[in-house]
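Structure, as structure tokens:
Given the structure is predicted, the values throughout are model-derived calculations rather than measurements. Chain letters run A, B, ... following the sequence lines, proteins first, then strands; residues in each count from 1.
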2 protein chains.
Amino acid sequence: MHAPITIRDVARLAEVHPGTVSRALNPQTRSLVNSDTAARVLAAADELGYRPNSMARGLKTSRSFTVGVLVPDLTNPLFPPIVRGIDDRLTLDGYTPLLVNTDSDPERERASIETMLARQVDGFIAATARLDVEPLDEAIARGLPVVLVNRTFEDGSISACTVDDQRGSQLAVQHILGLGHTRIGYVAGPQNVSTGHRRYLGFVAAMEAAGIEIAPGDVSFAAAFRELAGAQACAELLRCDPGLTAIVTANDRLAIGCYDTLAQLGLRCPQDISVIGFNDMLFIDRLRPPLSSVRVPQREIGYAAADLLLDQLTDGSAGPREVLLEPSLVVRGSTAAPSLRDAAAGPGA
Amino acid sequence: MHAPITIRDVARLAEVHPGTVSRALNPQTRSLVNSDTAARVLAAADELGYRPNSMARGLKTSRSFTVGVLVPDLTNPLFPPIVRGIDDRLTLDGYTPLLVNTDSDPERERASIETMLARQVDGFIAATARLDVEPLDEAIARGLPVVLVNRTFEDGSISACTVDDQRGSQLAVQHILGLGHTRIGYVAGPQNVSTGHRRYLGFVAAMEAAGIEIAPGDVSFAAAFRELAGAQACAELLRCDPGLTAIVTANDRLAIGCYDTLAQLGLRCPQDISVIGFNDMLFIDRLRPPLSSVRVPQREIGYAAADLLLDQLTDGSAGPREVLLEPSLVVRGSTAAPSLRDAAAGPGA
DNA sequence: CTGTTAGCGCATTCAT
DNA sequence: ATGAATGCGCTAACAG
């Protein structure tokens, strides 16, 4: 438990002034110093095991090389890959993420942002679903760059990185149509989060593009991205139109809920009804049947978001940008051609 | 984008000396100041929206109120709940976790610890399975408290928080025995990680306690906690002893691998063979059949680990302690009485 | 090229 | 009970 080694210890050993040590140790300013001296300093620093105190550096430069990362709940399987991607990218440039779970609670959110501001974070990445940016207003006012993940801000004044949700819905619909389905239901997510809304819009657009009319009862809105809400929405769908042969969903967990309802009604998937999810969650291929889904490159989204932020951090003039990543279709056992069931019996009964 | 508000701004508004503001704002020293003045200072701080600069404070006090948290890979479903628990507890006391993914790569591990040391973390929580403590030696030498999660350090010189792995194995074995099984195989995890080793010891002990001999081929060691390794181990088990009626595993993912092998061999679970996992991962109840498992209170483990660390942080004299949390048994459809080969009844029916 | 100087914002010792 | 002074470890502006 020896005393911490400072820049002055290194200076003493290398027989130079502390200021020179600072210059020699910083790659940015190393060119300002004689390479021999620099080498000597490096050697001395190495010998002593010197490690710059980043709080002192931060105090002086008013940059902390930390980034606030807001997620609703790390326990939601959606977020770990995103956070991992963020971490991977930030680490490359010497930044450290400060992770916070907000539980989508405005008060907790406010408090967290407060704390991070006090910690002098250099920017924020908000992987939260809620639509308002207000809690981040002060950060923005202070000139701190902010990047949104999984959502966008309407006027485009804030950088954002998301998957192309509409395109994802289109992939799902086209897959289902390609199998020959025409009686298609949709379990939508909550419309007050952008993901839910845009996936819904994508579904509508894709159906229209195919010239298929969406009957009033063919869409049911789940109150949350949860299994139970999905099960309820699915039940409602089938009550309105028992003749559906396929259900497109806005999220894998909603699709799991659909499985529950189908099982309860004695309907088989995919023989009686096809189901397709969205996100391609870990282990979703282990369900019975394995769920077809729209894959979202979560880790890449996090990585790209961090990339966006670093851009703005490094190059002050870099304006806000939006990055849209491509989803892809993963076909598994939950989708098949329609009417393996008795087509002649028809719907209605 | 106004200039940041410092303690001097508050002092000016409250018409006191900056030193007084510092005292008034810190709950610890507030008693040293007249309560009227204190109130005035608080009001001024509030009005200006003052937020203490934690880097300046840290530089002065050489405490950062941050804690380094090491995990192998956040993407492994084991860790999010643990990290969540850590975060929840640390936040209560104003600490912030600095999360790092090491990928169990010694070099990455070393570099991360280096970075965190430079950031003046006040302590470490290592939620990694296979870390020799060596990379943390310097931290320990510096007098920084360290808490291990999911593993212990032999000589008990380091605090640790784990589930009672042996007890967990015992619960699994007793459940299987209670169903009437006597021909029981074990798919063990890697023995160079403490979790794998202790669960194995627990299995052996429980079998011995029941007076059942473990035949040479009845245990197979998986090379990793992964599905494929589990599948291979399961295949080996059944090759040696096709008469097994139950398989106990050291981990849910190994159990999933067993499912794969059983399906491949045309064996039904639980009618032909029962399988029980360990961890009770998220969505493991969604497999077919739903996996019986030993539940590990992951979030609580993280919470308790952070608690241990805070103890040592707050009370310098607090020695290292070990905390063992209780596992519990979750019975689902993958375990049943042996030899139901003719019974048509499914689980729960 | 390198030494010197002056703070960054705060907590803390010493006066008063 | 409060003011004054000092320095945590570092970087940056200015000399030389």
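- Heavy atoms of B:Pro18 sit nowhere under 4.0 angstrom from any nucleic acid atom.
- Fit an axis to the five pairs at each end of the helix from C:dC1-D:dG16 to C:dT16-D:dA1 and the two axes sit 40° apart, to the nearest 10 degrees.
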Q.
Run A:Ser159 and A:Gln312 through side chain to side chain donor-acceptor pair (under 3.5 Å) and show every step you take.
A. CA-CA 9 Å; A:Ser159 285; A:Gln312 287 171 256; 2.8 Å; yes

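- Side chains of B:Arg119 and A:Thr96: a donor-acceptor N/O pair is present below 3.5 angstrom, by distance only.
- Note on B:Arg8: nothing from the nucleic acid sits closer than 4.0 angstrom, heavy atoms only.
- Reading DNA chain C from its 5' end, the first and the last nucleotide to sit under 4.0 Å from a heavy atom of chain A are C:dC1 to C:dG9.
- Below the 3.5 angstrom threshold, one finds no donor paired with an acceptor across the side chain of A:Lys60 and the base of D:dG9.
- Residue-level contact check: A:Thr29 touches neither bases nor backbone, having no heavy atom under 4.0 Å from any strand.
- Regarding contacts with the backbone of D:dC8, every side-chain N or O of B:Ser62 stays at 4.0 angstrom or more from both OP1 and OP2.
- In this structure, of D:dC10, D:dT2, D:dC8, it is D:dC10 that holds the atom nearest to the side chain of A:Thr6.
- Between A:Phe65 and A:Asp93, the shortest heavy-atom distance links the atoms CD2-O, 4.4 Å.
- Here D:dG9 is the nucleotide among D:dG9, D:dA1, D:dA13 with the atom lying nearest to any side-chain atom of A:Ala56.
- The side-chain hydrogen bond (donor to acceptor under 3.5 Å, both in side chains) contacts involving residues 35-45 of chain A comprise nothing, where partners must be two or more places apart or lie in separate chains.
- Under the 3.5 Å distance criterion, with hydrogens and angles disregarded, no donor-acceptor pair is assigned to the side chains of B:Glu322 and B:Thr152.
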